Amino acid sequence: MDLERVFADLDGVPWADLDHAYGQADDLPDLLRALTGDEEQSTEAWGELGASILHQGTVYGATAAAVPYLARLAAADVRTVEMLLLLGGIAESEDEFAAPLPGACRAAVVEQLPLLLDLLASDDVDVRRTAVWAVGRTGCASAASALRRLWADPHERHPGVRAETLAALAQLDPEGTRPELLSALAAAEPAVLRVTAVMAAVDAGMPFSTTHQNVLVSLLPAAPHIADRCDQERTEPLRQVVDVLLRRDTVDDRVAAFALVEAALRLTEPAARDEALWAAEHACTISRSAPGRLAPALVPLLGDPSFHRVASLLPILDQLGSHAAPAAPALAELAATDGDLGDRALAVLARIAPEQAALLLARDLENRTITLASVTGTRGRRPGLRLPYAPELLNAIRISLSHLATADEAPSRGPVELLELLAGWGTRAAAALPELTRALDAFPTSVPAVLVAICPPNRTAGVAELLGRAAGAGEVEARCAAAEAFWRLTGETGPLVVALQAALREGSPAPHLVETAGRLGAAGRELVAELRSALTSAGVGRTNFELEADLQIALALWRLTGDGDQSVHVVGAVLAQTAERMWSGRTRTIAARAAAEIGPAAKPLIPALEALLSDPVQVPGAVLALRAVGHPLDEARAAGLLVTSAELDADPINALEALRTLGPGALAPAVITRLTALADGDLRVAGSSRRTEIVAADERLRTSARALLPG
């Protein structure tokens with residue numbers, strides 16, 4: 001295909017009216033043409049093009065318009081393999097942004113199937129293999145006949161091409177491909193084909209048989225066998241099969257998945273065991289019953305002299321929770337050793353046997369900073385929750401604080417974890433007041449709040465005097481920290497107002513300081529002028545950080561003055577500016593919460609708030625805000641949207657809290673059924689948390705769902 005035909009009508013496309021990941025798509029014609037230039041031009045253009053039209057799995061309006069040119073370039077032998085990979089990625093994407101119609105990008109690839117199918121006859125193995133993969137990703141069943149001819153072609157014996165063909169056929173025609181999937185399991189077939197057959201059979205919904213298990217286990221480690229497959233999202237076959245089986249969410253499939261993992265764990269070859277451990281950990285993160293079922297196979301490994309993958313086992317024991325209790329003695333023995341492995345074992349022990357971990361930590365606190373960070377610095381947990389108070393540990397912390405406060409050089413990081421533990425223990429940690437007092441100069445922004453947290457009533461006067469002095473000198477951030485702590489301890493606002501005025505005049509005050517300003521009541525009215533001056537100028541170029549700062553200021557002004565006009569204007573401007581912004585979800589959430597607090601005065605925002613109901617992430621905030629402003633809600637619809645938000649792990653805890661505010665009348669039988677599944681189903685819901693926090697986040701969700709169920 002000549003280049004004139006490749007780029008026919010390229011300049012006739014209204015690119016400037018289309019968007020890609022980085023904004024207007026008017027740069028795409030030059031990028032597409034540059035692909036045909038010299039190697040340097042082509043490589044640079046390729047990097048920019050791919051990131052623009054398929055960005056982290058997301059496709060755009062401009063993506064669909066670019067597809068015909070990508071297919072023609074592939075047919076013209078211009079970066080053919082890369083073009084096919086891009087086209088396949090576009091076809092399989094379900095994450096669309098500003099697409100003209102749902103599924104428009106996949107439909108655009110389907111329209112180019114004649115060009116893609118022609119490439120199945122290429123002399124280049126990589127082109128054939130990638131073309132098969134791209135065709136399979138279109139989901140177009142009519143293409144199955146061409147792939148079936150390729151499968152039956154006696155001249156096509158390349159294992160990689162046949163593996164891609166089998167996988168694509170199973171995707172396009174699952175029922176019709178069952179005979180091929182069974183025959184490909186034979187011992188005489190290449191390993192890549194056998195592994196692919198197991199994965200494709202599971203994808204196609206076939207029952208997972210003992211034959212499937214035996215084939216996959218016999219080929220472990222399986223990852224090397226499919227390293228050259230086009231699907232680089234599924235490079236761990238054992239983990240993937242376990243994932244699909246568990247997500248089918250039936251008793252038989254769970255039994256099959258757990259039996260597969262247990263069989264894999266019995267292998268002794270190191271790489272095979274690594275894959276088995278990874279699959280076991282994944283099972284525990286997606287299945288609520290997996291920890292109890294797999295613990296008997298996992299816990300004994302810690303004491304098995306033939307097992308040398310302890311570092312890989314520790315994160316899994318962490319996921320087992322109470323089911324890992326029998327591992328406590330072995331963990332304690334390992335935790336007593338030096339080095340990273342001992343630190344990690346101690347961090348796991350802190351979950352399983354926290355009292356024992358606290359004593360071990362106290363013996364060698366100076367060398368356990370990593371462990372302490374993992375125990376107390378976990379996102380989403382209250383400080384001190386996972387390590388109970390222990391006098392021995394308190395004494396060790398006091399010694400550590402003394403060393404830090406008197407060190408010749410400032411430490412590379414502050415004693416954040418030590419301070420979190422003390423704050424979590426409250427007045428039981430009062431013995432550390434002298435060390436904290438000496439550490440105040442070294443850590444002036446973090447120590448004041450802890451002084452208040454551990455201060456007993458009989459020491460209030462001395463701590464207040466110390467904080468009062470600190471609030472009047474030093475850097476403004478440190479003054480604010482001391483003044484805020486002084487206010488919380490004594491109720492006196494004078495030093496805090498002065499410090500906040502200084503911070504606001506310096507510009508860009510920390511959000512928590514603005515929040516504090518809004519909570520000062522009558523005393524805070526002295527800050528109104530500074531707060532208004534701190535608002536940024538309205539304009540489309542404002543960053544999310546600036547918009548969120550403005551929302552905090554708007555709320556503070558509302559709390560202090562009760563005048564909603566300016567605050568509502570600010571919130572409305574933020575909602576309008578972020579309506580089409582891809583990365584502004586958090587900002588919209590904050591805006592909805594602000595509208596909810598403002599209440600009836602925010603009625604002008606009703607249209608913008610109703611628009612948020614189309615986004616599951618924004619539903620909880622939008623429902624609460626619409627109720628607060630006095631907008632009559634269809635409670636049945638709102639309840640359904642909130643449960644969907646929880647089911648999609650969009651904002652589950654807040655969704656269930658918002659559902660609670662609707663009252664029992666909103667809990668129709670269908671809603672109760674879905675809540676019951678959230679509370680008692682096997683599949684975990686909280687999958688978007690950090691991997692180490694999925695189990696804990698899911699347990700919090702289950703607790704919230706159960707609290708809503710009648711009876």
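Positions are given from 1 along the sequence. Since the model is a prediction, treat every value here as computed from it, not as a measurement.
Salt bridge status for Arg129 with Asp228: absent, with no side-chain N to carboxylate O gap under 4.0 Å. Asp649 has no carboxylate O lying under 4.0 Å from a charged side-chain N of Arg684, or vice versa, which leaves the two without a salt bridge.
Nearest heavy atom pair, residue Trp151 against residue Thr165, reads CB-CG2, 3.9 Å. In terms of heavy-atom proximity, Thr196 sits nearest to Ala163 at CG2-O, 3.4 Å. Nearest approach of Asp651 to Val617, heavy atoms of both residues: CB-O, 3.9 Å. In terms of heavy atoms, Ser93 sits closest to Gly57 at OG-O, 2.6 Å. In this structure, Pro607 and Pro604 approach most closely via the heavy-atom pair CD-O, 3.6 Å. The shortest non-hydrogen separation linking Thr58 to Asp95 is OG1-OD2, 2.7 Å.
Atom CD of Glu82 has more than 12 heavy atoms from other residues, nucleotides or ligands within 6.0 Å. Other residues, nucleotides and ligands place more than 12 heavy atoms under 6.0 Å from the CD atom of Glu610. In the displayed structure, Asp9 atom CG is contacted under 6.0 Å by at most 12 heavy atoms of other residues, nucleotides or ligands. Within 6.0 Å of the CD atom in Glu44, the count of heavy atoms belonging to other residues, nucleotides or ligands does not exceed 12. No more than 12 heavy atoms of other residues, nucleotides or ligands lie within 6.0 Å of CG in Asp77, so this atom counts as exposed by the packing criterion.
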Are Arg72 and Gln112 close enough, and set up right, to give a side-chain hydrogen bond (donor to acceptor under 3.5 Å, both in side chains), and what steps lead you there?
-> CA-CA 9 Å; Arg72 292 174 202 168; Gln112 303 304 316; 5.3 Å; no

Give the C-alpha distance, both sets of side-chain angles, the deciding distance and a yes or no for side-chain contact (heavy atoms from CB on, under 4.5 Å) between Val695 and Cys284.
-> CA-CA 8 Å; Val695 174; Cys284 292; 5.6 Å; no

Verdict with reasoning, Leu575 to Val571, per side-chain contact (heavy atoms from CB on, under 4.5 Å) = CA-CA 6 Å; Leu575 287 171; Val571 176; 4.2 Å; yes

Would Arg234 and Asp243 count as a salt bridge (charged side-chain N to carboxylate O under 4.0 Å, His left out) if you check the C-alpha gap in whole Å, the side-chain angles of each, and the deciding distance to 0.1 Å?
-> CA-CA 11 Å; Arg234 293 151 56 96; Asp243 180 90; over 6 Å; no

Derivation and outcome, salt bridge (charged side-chain N to carboxylate O under 4.0 Å, His left out), residues Glu164 and Arg229 | CA-CA 7 Å; Glu164 294 294 356; Arg229 285 281 312 274; 3.0 Å; yes

Stepwise ring-ring contact (aromatic ring centres under 6.0 Å, His included) check, Tyr22 with His55 = CA-CA 9 Å; Tyr22 302 107; His55 186 81; 5.5 Å; yes

Give the intermediate values and the outcome of side-chain contact (heavy atoms from CB on, under 4.5 Å) for residues Leu117 and Leu120.
-> CA-CA 5 Å; Leu117 292 173; Leu120 298 180; 3.8 Å; yes

Given the rule in the side-chain contact (heavy atoms from CB on, under 4.5 Å) test, do Arg137 and Arg106 qualify, once you have shown the distances and angles that lead to the verdict?
-> CA-CA 9 Å; Arg137 286 304 186 253; Arg106 173 176 289 184; over 6 Å; no

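With hydrogens and angles ignored, the 3.5 Å screen pairs no side-chain donor or acceptor of Ser567 with any backbone N or O of Leu555. Judged by distance alone, with hydrogens and angles left aside, the side-chain atoms of Ser645 form a donor-acceptor pair with the main-chain N or O of Pro616 at under 3.5 Å. Listed for the Glu96 side chain is a donor-acceptor partner under 3.5 Å among the backbone atoms of Gly103. Listed for the Arg162 side chain is no donor-acceptor partner under 3.5 Å among the backbone atoms of Arg157. Remark: the backbone N or O of Ala279 is not paired with any side-chain donor or acceptor of Arg239 at under 3.5 angstrom. The closest donor-acceptor contact from the side chain of Arg248 to the backbone of Val202 lies under 3.5 Å. A distance-only check finds a donor-acceptor pair linking the side chain of Glu275 to the backbone of Ala223 [under 3.5 Å]. Between the side chain of His225 and the main chain of Leu219, a donor-acceptor pair closer than 3.5 Å is present. Proximity of a side-chain donor or acceptor of Ser42 to a complementary backbone N or O of Gly37 within less than 3.5 Å is not detected. With Gln552 contributing its side chain and Ala549 its backbone, the two residues share no donor-acceptor pair below 3.5 Å.
The one candidate from Arg588, Arg593, Arg586 that meets the salt bridge (charged side-chain N to carboxylate O under 4.0 Å, His left out) condition with Glu548 is Arg586.
The side-chain heavy atoms of Thr177 and Gln171, taken from C-beta on, include no pair separated by under 4.5 Å. For the pair Val241/Met199, a side-chain contact is recorded, criterion being any heavy-atom separation below 4.5 Å from C-beta on. Side-chain contact between Tyr69 and Leu28 is absent, with no heavy-atom pair separated by less than 4.5 Å. You'll find the side chain of Leu86 reaches within 4.5 Å of the side chain of Trp46, heavy atoms only. Side-chain contact check for Leu504 versus Leu513: every heavy-atom pair is 4.5 Å or farther apart. Counting only heavy atoms from C-beta outward, the side chains of Val67 and Cys105 never approach each other to under 4.5 Å. For the pair Leu612/Val619, no side-chain contact is recorded, criterion being any heavy-atom separation below 4.5 Å from C-beta on. Inter-residue side-chain proximity for Leu32 and Leu70 is flagged as met; some heavy-atom pair is nearer than 4.5 Å.
When the side chain to side chain donor-acceptor pair (under 3.5 Å) test is applied to Thr589, the partners found at least two apart in sequence or on another chain are Gln618. Every residue two or more places apart in sequence or in another chain that forms a side chain to side chain contact (heavy atoms under 4.5 Å, CB included) with Ala311 is listed here: Leu341, Arg344.
Applying the side chain to side chain donor-acceptor pair (under 3.5 Å) test to pairs two or more places apart or on separate chains, those with a residue in residues 10-19 are Asp11-Arg33.
In this structure, CD in Glu180 is found 6.5 Å from CG in Leu169, a value given to the nearest 0.5 Å. Here the CG-CG distance, from Leu115 to Leu73, works out to 10.5 Å after rounding to the nearest 0.5 Å. From Leu641, atom CG reaches atom CG of Asp615 across 11.0 Å, with rounding to the nearest 0.5 Å. Here the OG1 atom belonging to Thr138 is positioned 11.0 Å from the CG atom belonging to Leu87, to the nearest 0.5 angstrom. With rounding to the nearest 0.5 Å, the separation of CD in Glu281 from OG1 in Thr285 is 7.0 Å. A distance of 10.5 Å separates OG1 of Thr587 from CZ of Arg542, quoted to the nearest 0.5 Å.
A donor and an acceptor atom, one from each side chain of Glu39 and Thr43, are located under 3.5 Å apart.
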